[in-house]
Amino acid sequence: VQLQASGGGLAQDGGSLRLSCTASGRFFKTNWLGWYRQAPGNERELVATVTSGGYIQYGDSVKGRFTISRENAENKVSLQMNNLKPEDTAVYYCYLHSRRPDPWRDEEHDYWGQGTLVTVSS
C-alpha cells in the first residue's frame, strides 16, 4: 500500500491550503483515510478522518475550519484547511486504516504516508 500526498506549503495566518492523498495497492474495503499531524515537541494528533462509509471525525482544534472529503472510486481524500493559524504548523501525515471484520478477530492494518509540511506564518 502506498499513500501519495500532495499540497501543503506556506500560508499566512487566516489563509487557506489544501492537502490531497491517494491510496494505492490492496487493502480492505472497510477502511478510513485521513490526516494526522505532528508539530515539533508534540505527539501526533488527529486532524480528520473519513471512513469508506462516509463517517467523519475531526480533531477538536480544527473543527469548523477544516473540511475533509473523499472520493471512494479513486481512494482519494482531500483536506481543505481554512482560517489557518500558526499553531496549525506541523508535518501532516496521510493515514489509512483498513479492517476486515471477522467474528473471532478483526484483521486490521495501519499505513502512513511520508508527511508533508504545513507552515503558517503570523
Side-chain angles (χ1 to χ4, degrees):
V1 174
Q2 287 190 328
L3 300 175
Q4 183 64 49
S6 61
L10 178 65
Q12 291 188 334
D13 191 355
S16 299
L17 287 172
R18 186 176 182 86
L19 302 178
S20 294
C21 178
T22 300
S24 60
R26 298 187 68 179
F27 46 89
F28 301 131
K29 289 184 178 180
T30 300
N31 60 74
W32 47 99
L33 276 170
W35 300 89
Y36 281 71
R37 69 186 183 186
Q38 188 167 19
N42 291 355
E43 294 186 352
R44 194 169 294 190
E45 65 173 357
L46 169 70
V47 178
T49 58
V50 52
T51 70
S52 48
Y55 177 74
I56 292 174
Q57 272 191 309
Y58 290 103
D60 288 340
S61 61
V62 307
K63 287 179 180 176
R65 300 187 298 120
F66 292 10
T67 302
I68 192 169
S69 59
R70 177 170 179 156
E71 299 173 43
N72 278 334
E74 298 182 7
N75 292 314
K76 180 179 178 179
V77 64
S78 297
L79 183 70
Q80 179 64 40
M81 304 183 291
N82 296 330
N83 191 21
L84 283 162
K85 304 175 182 180
E87 51 263 43
D88 293 318
T89 296
V91 176
Y92 285 66
Y93 295 92
C94 184
Y95 169 71
L96 167 67
H97 178 84
S98 69
R99 172 187 293 171
R100 182 179 64 85
D102 185 272
W104 297 104
R105 183 177 180 179
D106 293 350
E107 182 178 349
E108 301 181 274
H109 300 277
D110 290 326
Y111 305 93
W112 295 93
Q114 287 190 333
T116 184
L117 179 62
V118 170
T119 303
V120 184
S121 62
S122 57

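The 12-atom threshold is not exceeded at CD of E43, counting heavy atoms of other residues, nucleotides or ligands nearer than 6.0 Å. Atom CD of E108 is surrounded by more than 12 heavy atoms from other residues, nucleotides or ligands within 6.0 Å. Atom CD of Q12 has 12 or fewer heavy atoms from other residues, nucleotides or ligands within 6.0 Å.
Taking CD from Q57 and OG1 from T51, the interatomic distance works out to 9.5 Å, rounded to the nearest 0.5 Å. Remark: Q4 CD to Q114 CD distance equals 8.0 Å, nearest 0.5 Å. Here L84 contributes atom CG and T89 contributes atom OG1; the two are 8.5 Å apart, rounded to the nearest 0.5 Å. Atom OG1 of T49 and atom CZ of R70 lie 10.0 Å apart (nearest 0.5 Å). Remark: T116 OG1 to L17 CG distance equals 9.5 Å, nearest 0.5 Å. In this structure, the separation between OG1 on T30 and CZ on R99 is 8.0 Å, given to the nearest 0.5 Å.
At a threshold of 4.5 Å between side-chain heavy atoms, the hydrophobic network of Ile, Leu, Val, Met, Phe, Trp and Tyr places V77 and V1 in one connected group. Cluster annotation: M81 is not connected to Y95 through the hydrophobic network of ILVMFWY side chains, with a link wherever side-chain heavy atoms come within less than 4.5 Å. No single ILVMFWY cluster, assembled from side-chain heavy atoms under 4.5 Å apart, contains both F66 and Y93. Following chains of ILVMFWY side-chain contacts shorter than 4.5 Å, one cannot reach F28 starting from L96, and the two form parts of different hydrophobic clusters. Grouping the Ile, Leu, Val, Met, Phe, Trp and Tyr side chains by contacts below 4.5 angstrom, directly or via other members, places I56 apart from L46.
Contact check for Y36 versus W112: side-chain heavy atoms found under the 4.5 Å cut-off. A heavy-atom distance below 4.5 Å is found between the side chains of L19 and V118. At least one side-chain heavy atom of D88 sits under 4.5 Å from a side-chain heavy atom of R65. When side chains are defined from C-beta on, W35 counts as touching C94, because their heavy atoms get closer than 4.5 Å. No side-chain heavy atom of N75 sits under 4.5 Å from any side-chain heavy atom of S24.
Contact record, L79 with A48: CD1-CB, 4.2 Å, taken as the closest heavy-atom pair. Contact detail for S98 and Y111: the closest heavy-atom pair is OG-CE1, 4.0 Å. Nearest heavy-atom pair across G34 and I68 is CA-CD1, 4.0 Å. When every heavy atom of A90 is checked against every heavy atom of A39, the shortest pair comes out as CB-N, 3.8 Å. Closest of all the heavy-atom pairs between L33 and A23 is CD2-CB, 4.2 Å. Taking all atoms of both residues into account, the shortest heavy-atom contact from N83 to S16 is N-OG, 4.3 Å.
With hydrogens and angles left out, the side-chain atoms of S20 and S78 include a donor and acceptor closer than 3.5 Å.
Looking at S52, its side chain does come within 3.5 Å of a backbone N or O of N31 through a donor-acceptor pair. Between the side chain of Y58 and the backbone N or O of G64 there is no donor-acceptor pair closer than 3.5 Å.
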